[in-house]
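Report on the structure given below.
Lettering follows sequence order; numbering is per chain, from 1.
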Amino acid sequence: MALLEVKDLHVSFNTDDGAVRAARGVSFSVDRGQTLGIVGESGSGKSVSTQSIVGLARGGSVTGEAIFDGRDLLTMHRDELQKVRGAQIAMIFQDPLSSLHPFYRVDWQICEMIRAHEPRTDAKAARARAIDLLKLVGIPQAERRVDDFPHQFSGGMRQRAMIAMAMALNPALLIADEPTTALDVTVQAQVLRVIERLQNEFGTAVILITHDLGVVAEIADDVVVMYAGAVVETADRDELFYRNHHPYTEGLLRSLPAYGGERARLIPITGQPPSLIKLPTGCKFHPRCPYAFDRCRAEEPPLALVYGSSSHRSSCWLPHTVEGRESTRAQLLGGRTVG
Amino acid sequence: MTIPSAIESHTELAIEPGVAAERAIEGRSTWQLAWMRLRKDKAAVVSFVVIVLIVLMAIFAPVVASLTGHGVDQQFRTTGLNGFGQPVGPNGTFLLGTDDLGRDILVRIAYGARISLLVGVVATLIMVAIGTVLGLMAGYLGGIVDSIIARLIDLVLSLPFLLFAISLVSVTHPGLAVVIIVIAVFNWAAVARIVRGQVLSIREKEYIEAARSLGAGPLRIMFVDVLPNVLTQLIVYATLLIPVTIVLEATLSFLGLGIPPPTADWGQMIAESEGVYQQAWWFLVFPGLALLVTTLSFNILGDGVRDALDPRLERR
Amino acid sequence: MARFLLRRIAQGIVVMILVTILVFLIFFGSGSQIDVARRLAGRNASQQTIASITHRLHLNESLPAQYWHFVVQLVWHHNLGYSYYHTQPVSTIIGHAIPITLSLAIGAAVIWLVLGVLSGVTAAVRRGSVMDRVFTGLALFFYSLPTFVLGLLLLFLVYFQLAKRGIRIFPGQGYTGITSNPLKWLESMILPWFTLALVSAATYMRLTRGSLLEVLGEDYIRTARAKGLPERRVIFRHGLRSSLTPVVSQLGIDLGTLVGGAIVTETVFGMPGLGYTAVTSITNQDLPVIIGIVIVASGSVVVANILVDIFYAVLDPRVRLH
Amino acid sequence: MSGDVIVRATDVVKHFPVQSSSLRRGREVVHAVDTVSLEVRRGETVGLVGETGCGKSTLARCLARLLDLTSGRVEFDGHDITKLKPRDLGKVRREMQMIFQDPYGSLNPKRRVGSIIGDPFAVHNVASGQDRRRQVQELMELVGLNPEHYNRFPAEFSGGQRQRIGVARALALKPKVVICDEPVSALDVSIQAQVLNLLADLQQHLNLTYIFIAHDLSVVRHVSDRVMLMYLGKIVEGGPSEEVYQRARHPYSNALLSAIPLPDPRAAQERPRIVLVGDVPSPIDPPRACRFHPRCPKAQGRCVEEEPVLEPRLGDPTTHVAACHFPVAEGEDLTMARPTLSEEERIVEPTMVATPGESGEKELP
């Protein structure tokens, strides 16, 4: 059984200009100890979906199911959900500087986490655990640095401190929301290694939200691709990178500069992502899709199994077999080259 | 321009549906959007109407006087005072009653509005003008200019306003111009500090660097690039400064440091009511109400303008 | 820290020097020698007094020289001047007035802090609720109400109307020292305290609400919630802690200003604190007293500003002190 | 493709005073750029790569004389522009333009697009009225914007379109050199490619020279003819792109290359992962000699004593230079390397954060 199974999640926010439909029928699941990568551009609903599951997307109306360890998080009482947060589902965020409280020492912030869920831990023991945690994430001279304020840490150290805090109660699930976006590549590599190591050590499941396909390729087991508030494709990593079905996934991969290849012209996805207030009809990607045909404009495709795989789903009207997709694709382009 | 414009066909882009969806705000400036939002704010609309009425009352104060037939300084010792020489309450002749000298309070309130609004608006404009120019210079030019202006701001903010007003008035003779100047000279610093703070953050924006990289000089950058970005804040602040200024003027007059009698002035009327209002409540209540309604209206409108111009900004 | 303090105190001294120059220019720089002497001597001063003032203050010398003597008196002799009207040193007069002003200011500050911060927090936490609207509306009302109007209205409604019906809880005007009769002191302070406090409470409510709302949108509040902390703790330990900084700054500056006299409130209630003394000194043309009060008041604002900066640095560890 | 030298920098040094204390001001400085020399030839694209705080943006601003140099010399189109006063910089300002990173921050939100793109005309007093409008609209068309949107505000455009506005503004005065400061790093991947293609097209049509700053090595590799890798204010390696990317000599270059997340799971699994220890040290007090030694997997005693010069290593062509005493040979496995320096010598812990601004510290208001 999956550790977390999200089914048909809808999130919308009311604004002066109309309802923003941030998530529309999002479904995905994570198994124990696995890493799920959620990829999407800004505004695709990846952060909103995960934050609303744990009750952090305030002011939005949320429907659907989020079964965590057999219980639905969305119908759970506020106080119970509060006990799950931090203890069983921990989170880290994009900007570690603004995510740590500037007025409290790192020690205080980690101990607070421990004692909020294990009130009987005495101060000394909590502090010792905080130091151990900092050592675990590779902070040098943890005994001394534990008394620092967050602003005295470097960017990479802050994110490690966030990870240390998140792992304090050995959660079953870690939601990492763009954890390395604000960091330099060498520091990003360090932080990803730390997450990987802890995951192996503690068997934590990880949901890694990112816009960077490279990061996903490095550490995800399964991948969910989101566009305009909905899941457009989901598959295990290799399947997604080498046998993708949805034209958006294909477009994302093709628009990246090839590493090590020829300095060829890039093939971008045309146009701009849609506004979440006024979505296009039918398939939300059709205005930017090179293969769009009449049905795409009229009807939104369901997230259906493709290529005969038991886990690879795509929300696209192109035929669901490899050959069928390729030939239709070629037909639709009608001699035009993509881009 | 000799650049071939054939490139366009190569570059994938154009005005795609994504943007079409954003048409909701197409072509509308900040001001138009703000105006739309402001119109939806009932409290702000009501207070705007009230302010317009007060302005009309001030402009047409002589009309009020002629309608009632009571001059502003005219003392009605027989009709306006009772047998014991005390003011009479609201009645058919004196709608809002009379003061201790038998003058019509309604007419005096109408004339008092002139002073309040005049001082409120003029002093605010002077404060905003001084504060903006100095704040812009300090914030954008930095260095020694900033040091000097920042110290000056510190100094002025350290001066207890009322005491200095008392000092100045004690060596000069009070009057309209003195009141306006005293208020402006001791209160521009708050504006300057706000503008300076804003400019300091705007200065770090990339579009300022972009302007510098194009070769724009400091004057052009200050007035073309920086000023429009402080303008919304300034307008909000000015709207909220007007009631503050009106209260300052009334306070000075109340303390006997403002416009000398017999000129009708709300603060002074309230001061004159002291010792009499136990018997003649209208003498205290109506001028007080006029003052309150005016400042309240400006404050509500100011809050409304702030929310309309920048919905995210909810400060002070 | 020591270096920061020194620098900050040096800045304060510069401001004080500028204040004394300003005061000097206002009172000594305008008008002729005789005018100045007459002004300082007060009404009906004898020719002899004027001559002695001219001599004592070196009014026959150049302005810079006069200023030098003025400062020397102030700094070395702690001499704020002499009131010919009261025939007392100004410092004695100020010494009598300060306790009154202090008890007014401190009592009012306690009231407005409690009222303002509590209602501000409630309004921010329940943003958009009926409670929020009521508090915001009340705050706007009192914020718009000039102090003297509020004071007179309170006197009229709470004192005179009750007194007419034979109920005398509060004395109207005047002041009783706390040492002579503590109960009477308390009674005489209640109306002035609320007059001063209600207007300020409105400002503090708006300040607290705005600042807390801003803080509640910060990323670290999301972190606190993600940690599974109870909402109360999120708001008070994580939110309020950071949003109090502007409130504390404002409090320092307000108290600093108030020490120089709650002019309007003291005048309305006839309490002989520094502010009221300054106002009556105008009527009495007792300029030396005004000069003294202005300098004391400016000094207290400067000191308050330094204290606020120190406090700020204590509250926010990110502030670097040099 | 490349012709004569259009920008030449010689031993450029840029120090910033640490802005925090008025008493200590002038004593502590941030060594943002330290004795950097480079040449940019007409028509080529030179990529400047490095992590936050390595000095790449500062260097570019020194080249454009948006900053005064602490020492060194910059020549533009054959003229020494190091000492020119602001009012004499007109030619430089016209012929060297910038494209900025933040498509939101680089356009004045209160001005209409037409006026933003027309700003260069207004500043330099060329073309006015209808003529200016026509030219601006031509520019809009050139970068793929609808000229009818002349009177719109930046807020009405998406990120990618805003970046096009920035490009149009930079091209208005037909510059020779365009400095692109992370022009695509704030954009979503699907939009990045659009802008990169646009820049490539414009370069071809207008014979532009690009100085391209980025932290994304794949992007830089894609656009650049030559790349310069920077670390803590110094160039550590430079040369023709393919040469550098395929035979990186400096351990830092290798680490950086191995840290790029590859959107290709198999390739990602296969390549060696060099995870550097620690963070970038403070530029206020940079490490002695080779600035990379505290984090370097190959560091030895010599690295602490003697600063390596930028020169061809291991028989590389003269165009490919690296500043390292122990350059990495082809096929060498850096993940196995163990430094001979002791723990004390390898102070991996940054005593202070890289740049004062990002640490979140603040002055009293």
Side-chain angles (χ1 to χ4, degrees), chain B residues 43 47 151-152 154-172 240 243-244 246-251 253-257 266-267 270-271 273-274 277-279 281 284-285 287-300 302-303 312-316, chain C residues 11-12 14-16 18-19 22-23 26-27 30-31 39 136 140-141 143-150 152-153 155-156 160 163-164 203 206-207 209-211 213-214 217 246 253 256-257 260-261 263-264 267-268 274-275 278-279 281-283 285 287 290-291 293-294 297-298 300-302 305:
Chain B
S47 48
R151 283 288 86 79
L152 200 62
D154 280 353
L155 171 68
V156 175
L157 286 176
S158 303
L159 302 177
F161 165 71
L162 274 180
L163 281 174
F164 268 87
I166 288 174
S167 316
L168 271 181
V169 171
S170 67
V171 294
T172 53
L240 291 169
V244 172
I246 289 176
V247 170
L248 284 181
E249 185 276 326
T251 306
S253 295
F254 173 77
L255 294 174
L257 306 167
W266 295 346
I270 294 169
S273 81
E274 253 194 303
Y277 66 79
Q278 294 95 313
Q279 285 76 41
W281 56 269
L284 166 66
V285 168
L289 215 54
L291 198 50
L292 175 64
V293 167
T294 309
T295 53
L296 193 58
S297 300
F298 272 109
N299 277 326
I300 294 174
D303 279 5
R312 285 165 300 119
L313 198 93
E314 191 151 0
R315 292 230 54 184
R316 268 181 64 87
Chain C
Q11 277 176 10
V14 171
V15 170
M16 278 317 290
L18 292 173
V19 167
L22 202 62
V23 169
I26 290 176
F27 291 99
S30 57
R39 235 186 260 152
T136 312
L140 206 57
F141 176 82
Y143 180 74
S144 305
L145 198 60
T147 316
F148 61 95
V149 176
L150 177 64
L152 290 175
L153 281 179
L155 264 182
F156 177 64
F160 290 112
K164 256 204 303 207
T203 312
R206 285 160 69 94
L207 194 65
R209 179 176 180 273
S211 154
L213 277 179
E214 197 166 285
I253 291 158
T257 315
I263 298 175
V264 173
T267 308
V268 168
L274 282 179
V279 173
S281 300
I282 295 193
T283 336
Q285 295 213 344
L287 292 204
I290 299 184
I291 297 177
I293 292 178
V294 167
S298 308
S300 85
V301 174
V302 167
N305 273 325

### Query
So, the side chain of Thr147(C) versus the backbone of Val264(C): is there a donor-acceptor pair under 3.5 Å, distance only?
no
### Query
By a 4.5 Å heavy-atom criterion (distance strictly below it), what part of Leu284(B) contacts chain C: side chain, backbone, both, or neither?
side chain
### Message
To the closest 0.5 Å, what do you measure between CH2 (Trp266(B)) and CG (Leu292(B))?
### Response
10.5 Å
### Message
Counting heavy-atom pairs under 4.5 Å with chain C, which one of Ile300(B), Asn299(B), Val247(B) comes out on top?
### Response
Asn299(B)
### Query
Measuring heavy-atom distances to chain B, does Ile290(C) have an atom under 4.5 Å in its side chain, in its backbone, in both, or in neither?
side chain
### Task
Let me know if Leu257(B) has heavy atoms under 4.5 Å from chain C in its side chain, its backbone, both or neither.
side chain
### Query
Out of curiosity, Ser144(C) OG to Leu150(C) CG, how far, rounded to the nearest 0.5 Å?
12.0 Å
### Query
Hey, does Leu18(C) have a side-chain heavy atom less than 4.5 Å from the side chain of Leu22(C)?
no
### Task
Enter the distance from Leu145(C):CG to Leu291(B):CG here, rounded to the nearest 0.5 Å.
8.5 Å
## Note on the structure
Most contact-rich option vs chain C, by heavy-atom pairs under 4.5 angstrom, among Thr251(B), Thr294(B), Val293(B), Asp154(B), is Thr251(B)
### Query
Between Gly288(B), Ser167(B), Pro243(B), Ala43(B), which shows the greatest number of heavy-atom pairs under 4.5 Å with chain C?
Ser167(B)
